[in-house]
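Below: one structure, written as structure tokens.
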Amino acid sequence: MEFSVISGMKGKQRTGCLVVGVFEGRKLSPAAQAVDAASGKYLSEVLKSGDLEGSLGKTLLLHKVNKVSAERVLLVGLGKERDVNESAFRAALSSAVKALKGTGATDVTFTLTEVVVKKRDIGWKAEQAVLCFMEGAYRFDQLKSKPGDTRRPLKSVTLVTDKGEVARAETAVERAAAIGEGVSLAKDLGNLPGNHCTPTYLAQQAVELGKRHGFKVTVLERKDCEKLGMGCFLAVAQGSHQPPKFIVMEYHGGKKNAPPVALVGKGITFDTGGISIKPAAEMDEMKYDMGGAASVFGAMKAIALMKLPLNVVAVVPSTENMPGGNAIKPGDIVTTMSGQTVEILNTDAEGRLILCDALTYVEKYKPTAVVEMSTLTGAMVIALGHVATGLFANSDELAAELIRAGDKAWDRAWHMPLWDDYQEGLKSNFADIPNIAGRAGGAITAACFLSRFTKAYPWAHLDIAGTAWKSGAEKGATGRPVGLLSHFLVSRAA
Ligand code: BES
Ligand code: MN
Ligand code: ZN
């Protein structure tokens with residue numbers, strides 16, 4: 001999909017569909033007023049008939065409006081003019097995108113970017129518009145024998161802004177298109193089921209990504225991991241017939257010897273729970289247990305497309321978590337790469353077991369910060385639902401930086417406590433630490449476990465269990481937190 005920016009609505013704009021706004025009380029947005037004037041008050045007349053009051057998210061499609069060169073005009077309800085905030089803008093945006101999908105228009109002129117949104121500038125509006133259009137165009141039908149949707153797809157979108165804002169809009173559009181590509185990649189990897197998306201497949205994808213974008217990729221095999229002493233990662237992998245892969249990507253956009261930012265993503269390509277096996281209901285969704293890895297891949301693609309002047313190292317420990325004759329058993333004790341021993345009381349708490357070795361591994365890069373994402377705990381979903389990602393950090397500065405990035409990207413995270421008091425539960429009679437504590441505060445004690453391996457650098461953990469995918473009728477990967485990560489890295493590069 002192509003995106004461009006123009007200043008002001010040209011009355012004679014040729015386009016498949018012109019999208020304009022209507023506020024509550026049938027008040028026309030500036031672009032709608034222009035259409036109304038050109039058409040001899042046709043819009044006002046239609047609105048008088050009561051077909052659209054301007055309530056948020058309602059739409060009305062008009063064809064061949066007299067004296068207007070657009071083939072179609074889509075009116076989009078914006079709600080009360082003084083109430084247009086981020087959520088309202090996004091609601092209007094997504095209903096516009098949905099309504100457009102039902103038409104044959106292949107190019108669109110979109111004027112809602114002119115609407116004033118509280119606390120947000122043109123950069124934010126343009127980025128959200130691009131991401132929403134890309135989201136609307138996203139399909140995952142590679143595993144259907146026939147494509148599900150044969151309607152003509154949108155090819156180009158022109159955003160309309162005020163004259164003084166074109167340059168800023170263009171910068172935002174370019175960045176958003178890169179982020180959108182990263183989001184799509186993360187969604188594809190997430191949606192691909194466990195029999196296709198294996199650790200080997202992820203490793204191949206990393207190698208290809210590195211080739212296409214010119215960064216270095218190394219894949220450590222089981223033997224290599226054994227030599228490094230990654231006993232905890234390999235313990236999870238030993239129950240699976242799929243070989244584990246420890247994937248390392250190194251993007252050098254910054255100064256030659258400048259220490260990198262490190263990204264770490266949980267890459268469990270399927271989580272059965274292992275011997276502590278999960279119940280059958282919705283277990284298919286555990287194909288998304290590599291959502292952290294997927295977002296790391298997506299962020300790497302986005303920053304490569306943006307050619308960010310920054311060094312970034314990305315690490316993805318990848319394996320399945322399976323039951324089997326050789327699988328780990330509750331009570332087993334293994335030695336991590338850090339030397340600490342872990343009593344595995346529940347084999348379903350496997351994410352932390354593969355991440356702890358990855359977190360020790362990245363120490364060698366002397367990273368300026370380590371950001372690790374994982375679909376780590378069901379408790380996180382209970383705590384924050386599907387809106388905010390849970391953020392834990394051993395540095396309040398890094399936490400604040402990531403919260404800001406998430407706010408800019410509208411891929412929001414919420415700062416959770418990581419107080420020492422919560423460490424109490426991590427006591428084992430037989431090893432240095434157990435891999436689980438009690439049920440209370442499960443997302444926090446999981447973060448506490450990880451914190452035992454991250455003393456050497458500023459570290460943040462994003463628990464994306466509630467935000468990496470959607471369940472139900474709209475089941476599918478969301479591509480989160482690629483937006484947050486991209487903005488974080490953009491600000492680090494500045
Ligand atoms: N991948 C799951 C977490 C998960 C569960 C994410 C459901 C999204 C939805 C993780 O490996 C897991 O199983 N965690 C356990 C930990 C428990 C055994 C301490 C959990 O949350 O139940
Ligand atoms: Mn699990
Ligand atoms: Zn898991």
Side-chain angles (χ1 to χ4, degrees), residues 190 194 197 199 202 232-233 235-237 239-240 242 244 264-295 316-324 327-332 342-358 372-390 392 416 422 425-428 433-450 461-472 475-478 480-481:
C197 183
L202 281 183
C232 219
F233 170 53
V236 175
S240 167
Q242 291 291 336
V264 176
K266 172 177 172 183
I268 294 286
T269 57
F270 197 85
D271 182 10
T272 64
I275 296 299
S276 316
I277 199 160
K278 287 182 181 294
E282 278 130 47
M283 209 211 274
D284 67 293
E285 296 189 2
M286 283 298 113
K287 71 174 182 180
Y288 292 117
D289 212 17
M290 33 59 71
S295 69
V316 168
S318 182
T319 173
E320 291 180 328
N321 184 24
M322 298 292 282
I328 43 172
K329 303 166 290 297
D332 283 1
V342 177
E343 183 184 16
I344 301 172
L345 289 173
N346 189 318
T347 65
D348 197 11
E350 86 297 339
R352 59 199 84 178
L353 298 178
I354 70 168
L355 289 166
C356 66
D357 283 342
E372 162 264 306
M373 331 345 107
S374 41
T375 47
L376 201 65
T377 63
M380 196 70 251
V381 191
I382 303 302
L384 296 179
H386 303 288
V387 179
T389 291
F392 304 80
M416 301 283 294
Y422 288 105
L426 289 177
K427 289 209 172 88
S428 162
I433 40 171
N435 75 330
I436 53 165
R439 266 168 54 82
I444 308 174
T445 52
C448 286
F449 178 93
L450 296 173
H461 156 60
L462 299 170
D463 192 334
I464 56 171
T467 51
W469 76 90
K470 288 182 190 159
S471 311
K475 192 187 286 181
T478 60
R480 291 178 70 179

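Read the numbers this way: they start at 1 and go in the same order the structure lists the ligands and their atoms. Worth saying up front: this structure is predicted, and the values here are computed from it rather than measured.
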Side chain or backbone of K278 under 4.0 Å from ligand 1, or both, or neither, by non-hydrogen atoms?
-> side chain
Mind checking the SG-CG spacing from C448 to L426? Nearest 0.5 Å is all I need.
-> 6.0 Å
Between the side chain of T272 and the main-chain N/O of I277, is any donor-acceptor distance below 3.5 Å?
-> no
Taking atom NZ of K266 and atom CD1 of I354, what is their separation to the nearest 0.5 Å?
-> 6.5 Å
Ion pair present between R352 and E372, side-chain N to carboxylate O less than 4.0 angstrom?
-> no
Side chains of S471 and E285: do they bring a donor and an acceptor to under 3.5 Å?
-> yes
The atom name of the N, O or S atom in D271 nearest to the Zn ion (ligand 3) is OD2
Atoms of ligand 1, numbered as shown, that sit under 4.0 Å from any heavy atom of E350 = 11 (O)
of all protein heavy atoms, closest to atom 1 (N) of ligand 1 is D289 OD1, 2.8 Å
Atom indices of ligand 1, in the order listed, that fall short of 4.0 Å to a heavy atom of I436 | 19 (C)
Quick one: the O of D348, the Mn ion (ligand 2), OD2 of D271 angle, rounded to 10°, please.
-> 170°
Backbone or side-chain N/O/S of D348 under 2.8 Å of the Zn ion (ligand 3) | no
Contact check, R439 vs ligand 1, heavy-atom distance below 4.0 Å = no
When you look for heavy atoms under 4.0 Å from ligand 1, do you find them on the side chain of D348, its backbone, both, or neither?
-> both
Does F449 come within less than 4.0 Å of ligand 1, judged by its heavy atoms?
-> no
If you scan protein heavy atoms around atom 6 (C) of ligand 1, the nearest is A465 CB, 3.6 Å
Rounded to the nearest 0.5 angstrom, the OG-CG distance for S240 and N321 is 9.0 Å
side-chain contact (heavy atoms from CB on, under 4.5 Å) test vs D463 passes for just one of L450, T375, T377, namely T377
What do you reckon, does D271 have a nitrogen or oxygen under 3.5 Å from a nitrogen or oxygen of ligand 1?
-> yes
Check for a donor-acceptor pair, side chain of D271 on one end and backbone N or O of D289 on the other, with a separation under 3.5 Å.
-> no
Distance filter under 4.0 Å to K266 heavy atoms, resulting ligand 1 atoms = 1 (N), 10 (C), 11 (O)
Work out whether the distance between some heavy atom of M283 and some atom of ligand 1 is less than 4.0 Å.
-> no
Would you check if the Mn ion (ligand 2) lies under 2.8 Å from any N, O or S atom of E350?
-> yes
Spell out, as yes or no, whether a donor-acceptor pair under 3.5 Å connects the side chain of T319 to the backbone of P244.
-> no
Could you state the interatomic distance from NE2 (H386) to OG1 (T478), rounded to the nearest 0.5 Å?
-> 11.0 Å
In this structure, NZ of K470 is separated from OH of Y288 (nearest 0.5 Å) by 11.0 Å
Taking both backbone and side-chain atoms of W469, is any N or O found less than 3.5 Å from an N or O belonging to ligand 1?
-> no
Measure L376 to ligand 1 on non-hydrogen atoms and call it side chain, backbone, both or neither using the 4.0 Å cut-off.
-> backbone
So, does S428 use its side chain to make a donor-acceptor pair with the main chain of P434 at under 3.5 Å?
-> no
Specify which N/O/S atom of D289 comes nearest to the Zn ion (ligand 3), by atom name.
-> OD2
At the 4.0 Å heavy-atom cut-off, does M380 count as touching ligand 1?
-> no
Tell me whether K266 has at least one N, O or S atom under 2.8 Å from the Zn ion (ligand 3).
-> yes
The Zn ion (ligand 3) to E350: nearest N/O/S atom name = OE2
Does N346 use its side chain to pair, donor to acceptor, with the backbone of N435 at less than 3.5 Å?
-> no
Where ligand 1 meets N346 - atom numbers and elements under 4.0 angstrom, heavy-atom basis | 18 (C)
Is the shortest N/O to N/O distance between T375 and ligand 1 below 3.5 Å?
-> yes
Which of the ligand 1 atoms, numbered from 1, are nearer than 4.0 Å to a heavy atom of R352 = 16 (C), 19 (C)
Roughly how far, to the nearest 0.5 Å, is the NE2 atom of H461 from the CG atom of L376?
-> 4.5 Å
For atom 20 (C) of ligand 1, which protein heavy atom lies nearest, and how many Å away is it?
-> G378 N, 3.9 Å
Any donor and acceptor pair, going by atom type alone, linking the side chain of R480 with main-chain N or O of I464 inside 3.5 Å?
-> no
At the 4.0 Å heavy-atom cut-off, does M286 count as touching ligand 1?
-> yes
